[in-house]
There are 2 protein chains.
Amino acid sequence: MSGRELKKTIVETAGPPDFKVGVDNAIFSVDTAQNRLLVLLVMRQHEPFLGQWSLPGTLVRHSESLEDAAYRILAEKIRVNNLYLEQLYTFGDLGRDPRESPDSYGVRYLSVSYFALVRFEEAELVGSGVRGIAWYPLEEVPQLAFDHNKILQYGHRRLRNKLEYSPIAFEVLPELFSLSDLYQLYTTVLGENFADYSNFRARILKLGFLADTGLKVSRGAGRPATLYRFDAEAFAPLKDKPLVFI
Amino acid sequence: MSGRELKKTIVETAGPPDFKVGVDNAIFSVDTAQNRLLVLLVMRQHEPFLGQWSLPGTLVRHSESLEDAAYRILAEKIRVNNLYLEQLYTFGDLGRDPRESPDSYGVRYLSVSYFALVRFEEAELVGSGVRGIAWYPLEEVPQLAFDHNKILQYGHRRLRNKLEYSPIAFEVLPELFSLSDLYQLYTTVLGENFADYSNFRARILKLGFLADTGLKVSRGAGRPATLYRFDAEAFAPLKDKPLVFI
DNA sequence: TCAAAAGTGTTAAATATACACCCATGA
DNA sequence: TCATGGGTGTATATTTAACACTTTTGA
């Protein structure tokens, strides 16, 4: 063992390990036209896992909070005005990143994952020619780099829970939307395991935070739909109560 | 600026920052005898925040996962057989640790927090003479080191949610318990904002995962209470359904 | 024999669920 | 004029919530 290697080992085992901290985003959107739940994947441009699909991620920079980093990757990949974002889970198991030396000394890699929901219609993919970045239907997601399939699984569960218990749907719907728009969003994400349209409608209207704008929209055949607006003020008193939206 | 300082700056700004990763635990228990919700605090023995109360925490070591570290601190502070533990949230804002240099270059500190619930009666505090470690009633918690008051707030919210929607109560009750034991646990944690004893009883029994052992226990005056056991097998099919226990 | 703790039963109101049906539009 | 999507109503089962009440014990 050379002198340099010896020194390296001593230094690295002396104190607690240094971590590189990455942020990985599970970014979801709903294509209501095709009734599909989509997740944003990017092709890795570097080792490890070069050429494999992964969740968009980045290492956290100096003078940047975790959330800052999460917003930064998101902004690097898509342009979007409306979104919901929150922290998901932190993965720090040994050996989750092949850049860690196998003897488990030296630098460690840790991933703080974030979960985001964006409006599909307005989400514009950024990048020259949009190569190596794509919306994947959730059922068609391939084997991903690192432990990203696991992160995605976490994210999917969180999405379903959030949709059921919080008003995140309205962060991602257009300003004005019909009740079928809303219903479709719910069915696409949650499957069809809940109330039929009629009951859904009655329930959500009774909650009292959807304001009828009086406007109508006609989409091909059929009766025109009334457009509603989410009334944040009317919702405020319900904010801290356990609410079910389905 | 000396040569040494210049070099330091260059090196540190070249790549992404190194993080020291800490784990902090919000460890709760319920003193049913006194109807109090308690949290475990330790007195800091080192700078920063020397002599101030804090959540028990540690830096993650080489060859140790985040969860390993969480279990390690817990074991260092209390001896306990039954517990529930899960990851809470990761705090990585700039300046959350005073050891970070103020110009926000150099090493960063990040805290992955864990939430635990342990059985108070069997939890034995470890340490010579049990100095600098104590169960604090939640309402009497003082100003804590770092951002630990915030972590504690997160933990408390998680505790209430978990108790309402998951069977964590049974991880922390004795093997055999009466329905009033269970009810008292719930009232202590959640306040009294839910069903009265009679309705609570009817609901929880109807769920069908509490097995009547036939045994009775008499505690002073009053009719002896039937002892129940949590039947994990009977609960299994309900595991993935949204359940409300209150 | 009484107070304390455990356990049971009853009711009205609110909600969930499964439907059947009516309305307004474009082709 | 009819298929299509939007919207309304109703009947029943189930759940919630507030109680009054009975039972069994120790003092």
Item to check | Protein-nucleotide distance (Phe194(B), atom CZ; dA18(D), atom C1'), rounded to Å | outcome: 15 Å
Next on the checklist: Applying ring-ring contact (aromatic ring centres under 6.0 Å, His included) to Phe177(B) and Phe230(B), what does each step give before you reach the verdict?
Outcome noted: CA-CA 9 Å; Phe177(B) 54 88; Phe230(B) 177 71; 8.1 Å; no
Checklist entry - Nearest-Å distance, CZ (Phe200(A)) to P (dA18(C))? => result 16 Å
Next on the checklist: For Phe28(A) and Phe115(A), take the angle between the two ring planes, folded into 0 to 90°, and tell me which bin it lands in: parallel under 30, tilted 30 to 60, perpendicular over 60.
Outcome noted: tilted
Checklist entry - For DNA chain D, whose closest nucleotide is more 5', that of Leu205(A) or that of Arg223(A)? => result Arg223(A)
Checklist entry - Hey, does Ala225(B) reach any base, or is it just sugar-phosphate, or nothing, if we go heavy atoms under 4.0 Å? => result sugar-phosphate
Item to check | Derivation of the side-chain contact (heavy atoms from CB on, under 4.5 Å) call for Tyr228(B) and Leu176(B) | outcome: CA-CA 6 Å; Tyr228(B) 290 82; Leu176(B) 303 183; over 6 Å; no
Checklist outcome for this item: Regarding the side chain of Ser198(B), the nearest nucleotide among dG26(C), dG9(C), dA18(C) is dG9(C)
Checklist entry - How many Å lie between CZ on Arg219(A) and C1' on dA24(C), as a whole number? => result 16 Å
Checklist entry - Contact class for Arg201(A) vs. all strands (heavy atom < 4.0 Å): base, sugar-phosphate, or nothing? => result base
Next on the checklist: Can you measure Glu164(B) atom CD to dT16(D) atom P for me and round it to whole angstrom units?
Outcome noted: 13 Å
Item to check | Residues Glu86(A) and Tyr84(A): side-chain donor-acceptor under 3.5 angstrom | outcome: yes
Checklist entry - Does any N or O donor sit under 3.5 Å from an N or O acceptor when you compare the side chain of Thr226(A) with the base of dG6(D)? => result no
Next on the checklist: Taking atom types as they are modelled, would you say the side chain of Asn199(A) forms a donor-acceptor pair with the base of dA18(C) within the 3.5 Å cutoff?
Outcome noted: yes
Checklist entry - Under 4.0 Å between a side-chain N/O of Ser180(A) and OP1 or OP2 of dG5(D), yes or no? => result no
Checklist entry - Below 4.0 angstrom from OP1 or OP2 of dG6(D), is there any side-chain N or O of Tyr197(A)? => result no
Checklist entry - Side chains of Leu190(A) and Leu163(A): closer than 4.5 Å at any heavy-atom pair? => result yes
Checklist entry - Whole Å only: how far is the CG atom of Asp196(B) from the C1' atom of dT8(C)? => result 12 Å
Next on the checklist: If you assign each of Pro224(A) and Tyr228(B) to its closest nucleotide in DNA chain C, which residue comes earlier from the 5' end?
Outcome noted: Tyr228(B)
Next on the checklist: Quick check on dT15(C): is either OP1 or OP2 less than 4.0 Å from any side-chain nitrogen or oxygen of Lys206(A)?
Outcome noted: yes
Checklist entry - When we call it a touch if two heavy atoms are under 4.0 Å apart, what does Lys216(B) touch: a base, just sugar-phosphate, or nothing? => result nothing
Checklist entry - Closest nucleotide of DNA chain C for Gly220(A) versus for Arg203(A): which of these residues is on the 5' side? => result Arg203(A)
Checklist entry - How long is the line joining CG of Leu179(B) and P of dT8(C), in whole Å? => result 9 Å
Checklist entry - Rounded to the nearest Å, what distance is computed from the CG atom of residue Leu210(B) to the P atom of nucleotide dG7(C)? => result 12 Å
Checklist entry - Looking only at N and O atoms, is any donor in the side chain of Ser218(A) or the base of dG26(C) less than 3.5 Å from an acceptor on the other one? => result no
Item to check | Point-to-point distance, once rounded to the nearest 0.5 Å, from CG of Asn81(A) to CD of Glu124(A) | outcome: 10.5 Å
Item to check | Distance in angstrom units between Phe177(A) CZ and dG6(D) P, rounded | outcome: 14 Å
